[in-house]
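Beneath this line is the structure, given in structure tokens, with notes to follow.
Keep in mind that what you see is a predicted model, and the values were worked out from it rather than measured. The chains referred to below are lettered A, B, ... by the order of the sequence lines, with proteins before strands, and numbering in each begins at 1.
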Amino acid sequence: MLAKAPRGTRDILPGEVEEWSTLETFFRNLCKNYNYREIRTPIFEHTELFSRSVGEDTDIVGKEMYTFLDKGKRSLTLRPEGTASTVRAFLEHKMYAQAQPTKLFYFGPMFRYDRPQAGRYRQFHQLGAEAFGSASPEIDAEIICLAMDFFQSAGLNQLSLEINSVGCPQCRPGYREEIRKILEKNRRDLCPDCQSRFETNPLRILDCKIEGCREVTLQVPEILDHLCSYCVQHFEDVINFLKLLEISYQVNPKLVRGLDYYTNTAFEIVDTGLGSQNSLGGGGRYDGLVETCGGSATPGVGFAIGLERVLLSLEQQSSQLEYTEESRIFVATLGPSASARGLQLVTELRRNGIAAEKDYQDRSLKAQMKQADRVGAAKVLILGEEELEKGKIVLRDMEKGDQREVELEEILQILKNDL
RNA sequence: GUGAGUGUAGCUCAGGUGGUUAGAGCACCAGAUUGUGGCUCUGGGGGCCGUGGGUUCAAGUCCCAUCACUCACCCCA
């Protein structure tokens, strides 16, 4: 138990970390081009921030939050998603007072208490972006485009973008009542979850996978036919901008996201070949969220992408992220005085920007050569008592397999010229 | 929260119906080569057989519980 990471968490080991930082770099570069700026918010927040913004009736708030009391009896929660914190920071630092829109991106761990499964962890990692202060459908398109460009840069282009509109406070209540009216008579045919959804969030019944519920919902008209004129226009505009940007999409009228704050645009990016947890990312517009959090009415739109899922998807299509492995110099020494001189030498190399390593266990030359091979050394410097006396050092090329003796004093310059 | 499957060496896995000192391949270390990597050969170190309890003369093997992992439901990233 002591030497075991908690359930649903895992270590990202050397060898994997390179892929993570490569993805991070892709996203950073992309965000720079789109003019989104990085923000880092705390990993925990006041519980209320999430219960109010994500929604009391959601699964996330109802059963998946890591909530605890600190020593001052404050109720805190490990963040289950990134948008709420970003909104909080937007308000706290009065970013609304600057030129709008405010465009932010983030990267970091999120926490949800859930049963672990393929592609599902209790601590998982998301990268995401949020744009505040503009209700323009152009920025919905920009956000979706940024997300799709990220997948593209990661080498994932077989993904499907699903999009829908979930309406706004003007038209959604009417639709909600419509659903209730139609389903009233079939209420007892619904699964237990949907029976309570009937009260709390009837829209989510449409998204239920249970066969019985699906049948019943066939008679419910699509939300897209019940949107108010503003929402219809907004949705059409977003779709047209996607076409303009040559982003292919699939309208999914049943797409309802699990967070309450979405208005108008809702979208999800799925990899159909991935198994059960096939959503790589999602997002949408949340024009009421800033107000819910105590600010003045400010529109917003954003997305989040799960890094574990992206990596899984890459693995699935057996493509690897390219990253350059740093080659280094290995200094092999024989005897205590050569070893000491070797320590001096690796340090000198390192301080001159050359990656260098040596053996610290007084091992045989053979063992040191083997180690040099393993760390991927392109060149090995061999320094024994003989060389030390002559003021020389052996420079061996590991790929060619040949070697020559050079002046010890000149070795730094020789290696520098080589690079 | 519900269901199913799996826990043996660092890794991948063998260990018919219970029966002596629990094995292999890979990896690791060393030697063959007293100062030279990859290939080969030889040898070596490594195991609370997930944990706890039970049945039995005897449990890695059977039973129960528990924990963990995996997959699915649910939900989502």
Lys/Arg-Asp/Glu bridge criterion (N-O < 4.0 Å) met for [X], [Y]:
X: A/Glu387; Y: A/Lys390; answer: no
X: A/Lys379; Y: A/Asp418; answer: yes
X: A/Arg79; Y: A/Glu81; answer: no
X: A/Arg172; Y: A/Glu178; answer: no

(request) Go through A/Asn186 and A/Gln219 one step at a time and tell me if the side chain to side chain donor-acceptor pair (under 3.5 Å) criterion holds. (result) CA-CA 11 Å; A/Asn186 301 98; A/Gln219 48 184 324; 3.0 Å; yes

Determine the contact category for [X]: base if any of its heavy atoms lies under 4.0 Å from a base atom, sugar-phosphate if only primed atoms, P, OP1 or OP2 are that close, otherwise nothing.
X: A/Gln368; result: nothing
X: A/Glu387; result: base
X: A/Arg122; result: nothing
X: A/Leu307; result: nothing
X: A/Glu64; result: sugar-phosphate
X: A/Ile60; result: nothing

(request) Count the heavy atoms of every other residue, nucleotide or ligand shown that sit under 6.0 Å from CZ of A/Phe124, and state whether that count exceeds 12. (result)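 Buried by this count: over 12 neighbours within 6.0 Å.
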
(message) Name the residue from A/Ile305, A/Val270, A/Leu274 that meets the side chain to side chain contact (heavy atoms under 4.5 Å, CB included) definition with A/Ser279.
(response)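 Going through A/Ile305, A/Val270, A/Leu274 one by one, the side chain to side chain contact (heavy atoms under 4.5 Å, CB included) with A/Ser279 is satisfied by A/Val270 alone.
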
What pairs of nitrogen or oxygen atoms, one from the protein and one from nucleotides 70-72 of chain B, lie under 3.5 Å apart?
| residue | atom | partner | partner atom | Å |
| --- | --- | --- | --- | --- |
| B/C71 | OP2 | A/Ala118 | N | 2.8 |
| B/A72 | OP1 | A/Ser276 | N | 3.4 |
| B/A72 | OP2 | A/Gln117 | NE2 | 3.1 |

(message) So, using side chain to side chain contact (heavy atoms under 4.5 Å, CB included) as the criterion, who are the partners of A/Glu64 when residues are at least two apart?
(response)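 A/Glu64: side chain to side chain contact (heavy atoms under 4.5 Å, CB included) contacts with A/Asp59, A/Ile60, A/Arg112, A/Asp114.
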
(message) Heavy atoms within less than 4.0 Å of RNA chain B: which residues of residues 409-416 of chain A have one? Give them sorted by number.
(response)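 Contacts with RNA chain B under 4.0 Å: none.
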
(message) Show me the dot-bracket string of RNA chain B, counting Watson-Crick or G-U pairs under 3.5 Å, with | for pairs to another strand and [ ] for crossing ones.
(response) (((((((..((((.....[...)))).(((((.......))))).....(((((..]....))))))))))))....

Distances for protein N/O vs nucleotides 26-28 of chain B N/O pairs under 3.5 angstrom?
| residue | atom | partner | partner atom | Å |
| --- | --- | --- | --- | --- |
| B/C28 | OP1 | A/Arg374 | NH1 | 2.7 |

(message) For A/Thr58 and A/Asp260: C-alpha separation, side-chain torsions, deciding distance, then whether side chain to side chain donor-acceptor pair (under 3.5 Å) applies.
(response) CA-CA 7 Å; A/Thr58 60; A/Asp260 283 353; 5.6 Å; no

(request) With A/Glu38 as reference, evaluate A/Lys32, A/Arg28, A/Lys103 under the salt bridge (charged side-chain N to carboxylate O under 4.0 Å, His left out) test and give the passing residue. (result)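 In the set A/Lys32, A/Arg28, A/Lys103, the residue that makes a salt bridge (charged side-chain N to carboxylate O under 4.0 Å, His left out) with A/Glu38 is A/Arg28.
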
(message) On RNA chain B, compare the nucleotides closest to A/Met369 and A/Ile269; which residue's is nearer the 5' end?
(response)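 Comparing both residues, the 5'-ward one is A/Met369.
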
(message) From CZ of A/Phe107 over to C1' of B/A77, roughly how many Å is that when rounded to an integer?
(response)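 One finds 13 Å between C1' of B/A77 and CZ of A/Phe107, rounded.
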
(message) Counting only side-chain heavy atoms from C-beta out, which of B/G35, B/A77, B/A32 sits nearest to A/Lys366?
(response)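 Closest nucleotide among those given: B/A32.
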
(request) Mind telling me whether A/Phe27 and A/Phe303 have parallel, tilted or perpendicular rings, with 30° and 60° as the class edges? (result)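 Answer is perpendicular, since the angle exceeds 60°.
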
(message) So which atom in A/Ile411 and which in A/Leu408 form the shortest heavy-atom distance, rounded to 0.1 Å?
(response)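 Closest approach of A/Ile411 to A/Leu408: CG2-O, 3.1 Å.
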
(request) Answer yes if the ring centres of A/Phe105 and A/Tyr36 are under 6.0 angstrom apart, and no otherwise. (result)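 Ring centroids of A/Phe105 and A/Tyr36 are no less than 6.0 Å from each other.
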
Can you tabulate the close N/O pairs, meaning under 3.5 Å, that link protein atoms to atoms of nucleotides 41-49 of chain B?
none

(request) For the residue pair A/Arg341 and A/Gln344, confirm or rule out a side-chain donor-acceptor distance under 3.5 Å. (result)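 On atom types as modelled, these side chains qualify, holding a pair under 3.5 Å.
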
